[in-house]
Participant: 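This is the structure I have questions about; it appears just below.
The chains referred to below are lettered A, B, ... by the order of the sequence lines, with proteins before strands, and numbering in each begins at 1.
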Number of protein chains: 2
Amino acid sequence: MSTIGYREAMTEPRWLTAAEMRAWLGYRRMRRLLDLRVNRDLAADAGLSEQDYDVLSILSEPHDQRLRVGELSERLLWTRSGLSRHLGRMEQRGLVTRDDDPDDARGTVVALTAAGRTAIQDAAPGHVASVRRHLIDRLTPAELRTLGDIAEKVLDD
Amino acid sequence: MSTIGYREAMTEPRWLTAAEMRAWLGYRRMRRLLDLRVNRDLAADAGLSEQDYDVLSILSEPHDQRLRVGELSERLLWTRSGLSRHLGRMEQRGLVTRDDDPDDARGTVVALTAAGRTAIQDAAPGHVASVRRHLIDRLTPAELRTLGDIAEKVLDD
DNA sequence: AGCCGATAGTTGACATGTAACCGATCTTCG
DNA sequence: CGAAGATCGGTTACATGTCAACTATCGGCT
């Protein structure tokens, strides 16, 4: 036994093969760089963070004009506390509002403001172009399909 | 024009098709959940963060026993300041040491301690098992290969 | 030799995430 | 009805990242 990390082949644990390691390390690096690039574009073009965009995007869907904080946190795979903080910042900036839920006094309902709607309308075209430039348009249809399959398998639980 | 986000088809910007959106949103959710799961395992099993593991892993490679901070930051795709702070924490915990580079007085050389070596040796088997469980073993060899290809295309610049 | 822009690493100010806990409210069941 | 426990959203304490500024050093060019 000598080397540690992901690299060596041993018999005890099932270490990663070269192909498996390529996939894993590739995923790790892709994650870093892709997110960096897309988020940088979004911040430069629209003054929004990835998180802002995600929240606005969900709220702007036709049937989700008003959403409970808890439901939003589930959709975003976020902790409630993190979302609560983030909504506070977005509220400060005038992008969303928070009001007591009339049906459940424990709850809070989040809604877009006019400014929030404008913000995502303005941001969307550039953001989609950025996602295309950095990811989508670099891949073949078959690769895109496989990426979707992979995500499905990983998420399935 | 009505809906905003990633969802609608328009003519002006090239919005995402259903397949493209599946890939992009799938990637986004996979990123969140996969990282969460792997990092949780690593923290529970070995008391290390993903970042700790990455640093230790590189330093434990045979020819990289001593590395400049700058080179480490390039390999990890990290900012220097972030790495500097992280190394400070790891140094506190006795996992690595930092010393002046004898060849370039501006530089700092990072090295593993005995405890650092032990830490990654202990952590590696469980971590590999975790990566297998949450990602590798869920995919076919063809999917793994495609994932590697995708990462390569995205990183290539 | 000596100056000056480039480079290395650290640090201060700040942004933003999580985990643990809290008060308010709902819901279930005796 | 009314108490026990679950649930909701938020807050406090803390971890950890970025950007910009800073100090020290290097190295090419005159």
Participant: If the cut-off is 4.0 Å, is A:Arg85 near the phosphate of C:dT18, judged by side-chain N/O to OP1 or OP2?
Facilitator: no
Participant: Kindly calculate the angle separating the two end axes of the helix from C:dA1-D:dT30 to C:dG30-D:dC1, each obtained from five base pairs, and round it to 10 degrees.
Facilitator: 10°
Participant: Between D:dT16 and B:His86, is there an OP1 or OP2 to side-chain N/O distance shorter than 4.0 Å?
Facilitator: no
Participant: Ignoring backbone atoms, establish whether B:Arg68 has a side-chain N or O less than 4.0 Å from OP1 or OP2 of C:dA8.
Facilitator: no
Participant: Round to the nearest Å and state the distance from A:Trp78 atom CH2 to D:dC8 atom C1'.
Facilitator: 18 Å
Participant: Kindly indicate whether the side chain of B:Trp15, heavy atoms from C-beta on, has any atom under 4.5 Å from the side chain of B:Glu20.
Facilitator: no
Participant: Starting at the 5' end of DNA chain D, which residue's closest nucleotide do you reach first, A:Val109 or A:Arg32?
Facilitator: A:Val109
Participant: With under 30° as parallel and over 60° as perpendicular, where do the rings of A:Tyr53 and A:His127 fit, or are they tilted in between?
Facilitator: tilted
Participant: Using OP1 and OP2 only, check whether a side-chain N or O of B:Gln51 sits under 4.0 Å from D:dA15.
Facilitator: no
Participant: Do the side-chain N or O atoms of A:Ser81 get closer than 4.0 angstrom to the phosphate oxygens (OP1, OP2) of C:dT18?
Facilitator: no
Participant: May I ask you to verify if any side-chain N or O of A:Arg89 is less than 4.0 angstrom from the OP1 or OP2 atom of C:dA15?
Facilitator: no
Participant: For B:Arg75, does the CZ atom have more than 12 heavy-atom neighbours from other residues, nucleotides or ligands under 6.0 Å away?
Facilitator: yes
Participant: Measuring from atom CD1 of A:Ile120 to atom OG of A:Ser60, what distance do you get when rounded to the nearest 0.5 angstrom?
Facilitator: 4.5 Å
Participant: What's the closest nucleotide to the B:Val69 side chain, out of D:dC26, D:dG10, C:dT10?
Facilitator: C:dT10
Participant: Does A:Ser84 use its side chain to pair, donor to acceptor, with the backbone of A:Arg80 at less than 3.5 Å?
Facilitator: no
Participant: Can you establish whether the number of heavy atoms outside B:Arg89 located under 6.0 Å from its atom CZ is more than 12?
Facilitator: yes
Participant: Tell me, with the steps shown, if A:Arg66 and A:Asp101 meet salt bridge (charged side-chain N to carboxylate O under 4.0 Å, His left out).
Facilitator: CA-CA 10 Å; A:Arg66 300 167 59 71; A:Asp101 185 340; over 6 Å; no
Participant: At less than 4.0 Å, is any side-chain N or O atom of A:Arg106 found next to OP1 or OP2 of D:dT7? Yes or no.
Facilitator: no
Participant: Just to confirm, is there a sub-4.0 Å distance from OP1 or OP2 of D:dT18 to any side-chain nitrogen or oxygen of B:Thr79?
Facilitator: yes
